[in-house]
Engineer: 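Quick one: structure below, then a few questions.
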Amino acid sequence: MADLAHLLSQANPSPRYVQIGDGLRNQISEGHLVAGVRLPASRALAQDLGVARSTVVTAYDQLIAEGYLEARQGAGIFVCDVAPIAPTRVLPPQSPKRPPQEKQLLLPGAPDPDIFPIQPWARCVARVARSTPQALVHQDDPFGDPVLRREIAAYAGRWRGIVATADQVIVTSGASEALRLAMELLVSDNHIALESPGYVPTQKFASARGWTINWMPVGAQGAALPKQAAEVTVLTPSHQFPLGGSLPVPVRQAFLQAAAERNGWIIEDDFDSEFRYAGQPVPAMAALDHHGCCVYAGTFSKTFSHSLRLGYLILPSSLITHFRDTLNQTVGGAPITAQRPLAEFMASGQYDRHIRRARRLYAQRYAVAAAALADWPDHLGHFHPHQAGMQIAFHLASPHKEQEMVKAAQADGFSISSLSRYDPGGETQGLLIGFCQSEPEQLKGQIERLRRAIQI
C-alpha cells in the first residue's frame, strides 16, 4: 500500500480533513492506490496521523461521495476502480480572464446538489439495470415499487421511530403530491385546519377545493390547537415551516387525542426533520400515534435530490383499503425509473451515510450562517436559533419594509423569500434565508452582502 503517513503537512493551511482527502485522491488518481485496496479503519488512520477519528471519517465520506472509495458493509473502505489521470498538458499562457461572479443564492430549503453521491448512485442504477431491468420501466402496484416501500418502512423505523410495514407505504411524485393525495382522500366535510404561516402549496390546494380553513396560529414552538375543530389537521411538528420550532410532546399528544375523539385525521408533513444539529432527530408525531389517526408524509427532495420527484405516505392500517381502492382507479403515480435504484441505494446503507454526511455539512453551514446573522444590528431584527432545518427565519424590526428589502436582495442576486408570502393574513413579516447550498467560507461574505443590500 502507498505510504499514508505523509498525508498531513504543518505548512498546509487547509483543514486536516481536506488534506487527508486531497492526499488520498491524488494517490488514487496517480495509480499509487489501486482498485480493491482496503484502506485502514478510520480509527487506525486517525491514530497514525494524530487527528480525531471524525476528521478521517469526513475525508472518507467525501471520497465515497466522489466515487474514489467504496464502503462495504462489515468489510471496510476500499479503493474504487478509478483510472489513473494523466498529467495535464501545459498550455501557452493566455490573457487573464475575469473570474466568474459568485452566485449569491441563500435559497431557502434547497439541498446542495454538489454533495449528491453521483458515483454510488450510478452503481445502484447499473446494478438494477443488469439484474431487474423491468423494474426501471414497469410498475403494477399503484402504491409503488414493493422493494422501495419495504426500504422506506425500515428507514422510517430507524430514523423516525415509526412502526410500519411496506403495505402501509405509498410512493408519490414528491412531497406536495403526497400531501394533496392525503387531503383529497381524507377531507369529507369541507373543513381543514392549517398552520399560519405555513406551506403555500397546501394552502392553495385547500383554497382551490373551496374548503373552510381553520387557521392555526404558529408560535415559537409550533402550531396551537385550533379553536374550532376540523376533520383533518395538517402539521409540521418536527420543524415548523417556515418559522422553525418543534412541537412539544404534550401538544402533539393533545392534537392526536383531539383527532381521535372526533374521528378525525392528522397529516404530518415531515419535510426536513433529519437535519437537526443539536441532539438527535425528534421522533415523528406518527410514532406517538396509538389511535391510528396520523398519516405521515415524507420526501426525498430535501434529503437526497429534488430531481427524483419522489415522496411517500405512511398510512394507518385502517386507511390502506380506502387509498388502494381509489388509486386502483387512477392513472399516473410516482416516476418509475428511480424507484428500484433508490431501494437498492437504501438497502446498501448508502442513503443513511449520505444523510449523516449532509447533516454534518449543513450543521457547519448553519453555524456559520447563524453567527453571521447574529452580527446584524438589532435595528434590523432578530431570529430564533432553532438548530435545525435548511433555512433561517429572520424577523424584521421594521416589518413594513419587508417587500422593499426582498426586492433589493433579489435584485442583488439573492434567492431569499419573504415570510409574509406564507401567511394568508400577511401579518408575519421577515426574511427566509437559506444556507445549505453555500460553502462555509462563502456564507459569511454572502450574509454580509445581504445585510448591505437590505439596509435601504
Side-chain angles (χ1 to χ4, degrees), residues 160-162 164 168 170 172 175-273 282-299 311-319 322-323 422-425 428:
R160 309 302 295 125
I162 300 172
Q168 295 170 249
I170 302 176
T172 65
S176 294
E177 178 62 27
L179 293 169
R180 286 195 295 266
L181 176 63
M183 289 188 290
E184 186 73 62
L185 296 189
L186 294 179
V187 174
S188 61
D189 67 351
N190 295 328
H191 282 75
I192 191 168
L194 301 177
E195 296 171 334
S196 177
Y199 188 47
V200 172
T202 302
Q203 298 172 358
K204 289 184 175 180
F205 183 82
S207 297
R209 289 295 185 274
W211 296 338
T212 299
I213 302 175
N214 300 340
W215 296 108
M216 298 178 290
V218 174
Q221 293 184 305
L225 278 165
K227 295 180 180 179
Q228 184 177 355
E231 181 184 21
V232 174
T233 300
V234 183
L235 293 169
T236 54
S238 293
H239 183 234
Q240 201 280 329
F241 183 83
L243 299 184
S246 177
L247 201 62
V249 170
V251 182
R252 297 181 186 213
Q253 292 172 330
F255 269 104
L256 290 168
Q257 182 64 37
E261 289 175 353
R262 64 176 181 271
N263 295 318
W265 305 100
I266 302 289
I267 300 175
E268 178 179 9
D269 179 4
D270 204 40
F271 61 100
D272 69 355
S273 61
V282 179
M285 192 169 180
L288 303 174
D289 179 21
H290 303 299
H291 308 287
C293 61
C294 187
V295 175
Y296 178 91
T299 180
Y312 56 93
L313 289 173
I314 300 180
L315 308 174
S317 298
S318 61
L319 287 175
H322 174 45
F323 276 67
Y422 305 100
D423 187 343
T428 305

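Being a predicted model, the structure only gives us computed values, none of them experimental. All values below were derived from every heavy atom in this structure, side-chain atoms included, with hydrogens, water molecules and symmetry-related copies excluded.
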Engineer: Please check: side-chain N/O of E231 versus main-chain N/O of S188, any donor-acceptor pairing under 3.5 Å?
Structural biologist: yes
Engineer: Enter the distance from T233:OG1 to I267:CD1 here, rounded to the nearest 0.5 Å.
Structural biologist: 8.5 Å
Engineer: How about S176 and Y199: do any of their side-chain heavy atoms sit closer than 4.5 Å?
Structural biologist: yes
Engineer: To the nearest 0.5 Å, how far apart are CG in L315 and CD in Q168?
Structural biologist: 7.5 Å
Engineer: Tell me the closest heavy-atom pair linking H239 and D272, and the distance in Å.
Structural biologist: ND1-OD1, 3.1 Å
Engineer: CD/Q257 to CG/D289 distance, rounded to the nearest 0.5 angstrom?
Structural biologist: 10.5 Å
Engineer: To check you understand the geometry: which heavy-atom pair defines the closest contact between A178 and A297, and what is its length?
Structural biologist: CB-CB, 4.4 Å
Engineer: Identify the heavy atoms of W265 and G292 that sit nearest to each other, and give their distance.
Structural biologist: CZ3-O, 3.3 Å
Engineer: Looking at every heavy atom in both I192 and A206, which two are closest together, and how far apart are they?
Structural biologist: CG2-CB, 4.0 Å
Engineer: Just checking, any donor-acceptor pair under 3.5 angstrom between side chains of S196 and D423?
Structural biologist: yes
Engineer: Do any side-chain atoms of residues 179-186 form donor-acceptor pairs under 3.5 angstrom with protein atoms, and if so which ones, sequence neighbours left out?
Structural biologist:
from	atom 1	to	atom 2	distance (Å)
R180	NH2	E177	OE1	3.1
E184	OE1	R209	NE	2.9
E184	OE1	R209	NH2	2.6

Engineer: Let's go through Y296 and D270 carefully: what are the C-alpha distance in whole Å and the side-chain angles of both, what is the deciding distance for side chain to side chain contact (heavy atoms under 4.5 Å, CB included) to 0.1 Å, and is it a yes or a no?
Structural biologist: CA-CA 7 Å; Y296 178 91; D270 204 40; 2.5 Å; yes
Engineer: List in chain and number order the residues that pass side-chain contact (heavy atoms from CB on, under 4.5 Å) with S246, two or more places apart in sequence or in another chain; answer none if no residue qualifies.
Structural biologist: R252, R276, V282
Engineer: How many angstroms lie between CE in M285 and CD1 in I266, if you round to the nearest 0.5 Å?
Structural biologist: 4.5 Å
Engineer: Evaluate the criterion side chain to side chain contact (heavy atoms under 4.5 Å, CB included) for residue pair L313 and F323; output intermediate values, then yes/no.
Structural biologist: CA-CA 11 Å; L313 289 173; F323 276 67; 4.2 Å; yes
Engineer: Is any side-chain heavy atom of N214 closer than 4.5 Å to one of M216?
Structural biologist: no
Engineer: So, for G264 and C293, which heavy atoms are closest and what is the spacing to 0.1 Å?
Structural biologist: O-CB, 3.6 Å
Engineer: Would you say the side chain of N190 lies within less than 4.5 Å of the side chain of T212, judging by non-hydrogen atoms?
Structural biologist: no
Engineer: State, with a plain yes or no, whether a side-chain heavy atom of T236 is found less than 4.5 Å away from one of F271.
Structural biologist: yes
Engineer: Could you tell me the separation between the CG atom of L194 and the CH2 atom of W215, rounded to the nearest 0.5 Å?
Structural biologist: 5.0 Å
Engineer: Check whether any side-chain heavy atom of E195 lies under 4.5 Å from a side-chain heavy atom of V234, and answer yes or no.
Structural biologist: no
Engineer: Indicate yes or no for a side-chain donor-acceptor contact from Q240 to the backbone of G219 under 3.5 Å, with no hydrogens or angles considered.
Structural biologist: no
Engineer: For R160 versus S238, what's the shortest heavy-atom pair and its separation?
Structural biologist: NH2-OG, 3.1 Å
Engineer: Within this structure, what is the CG-CD distance for the pair L247 and E268, rounded to the nearest 0.5 Å?
Structural biologist: 9.5 Å
Engineer: Would you call P197 and L243 a side-chain contact if the rule is heavy atoms closer than 4.5 Å?
Structural biologist: yes
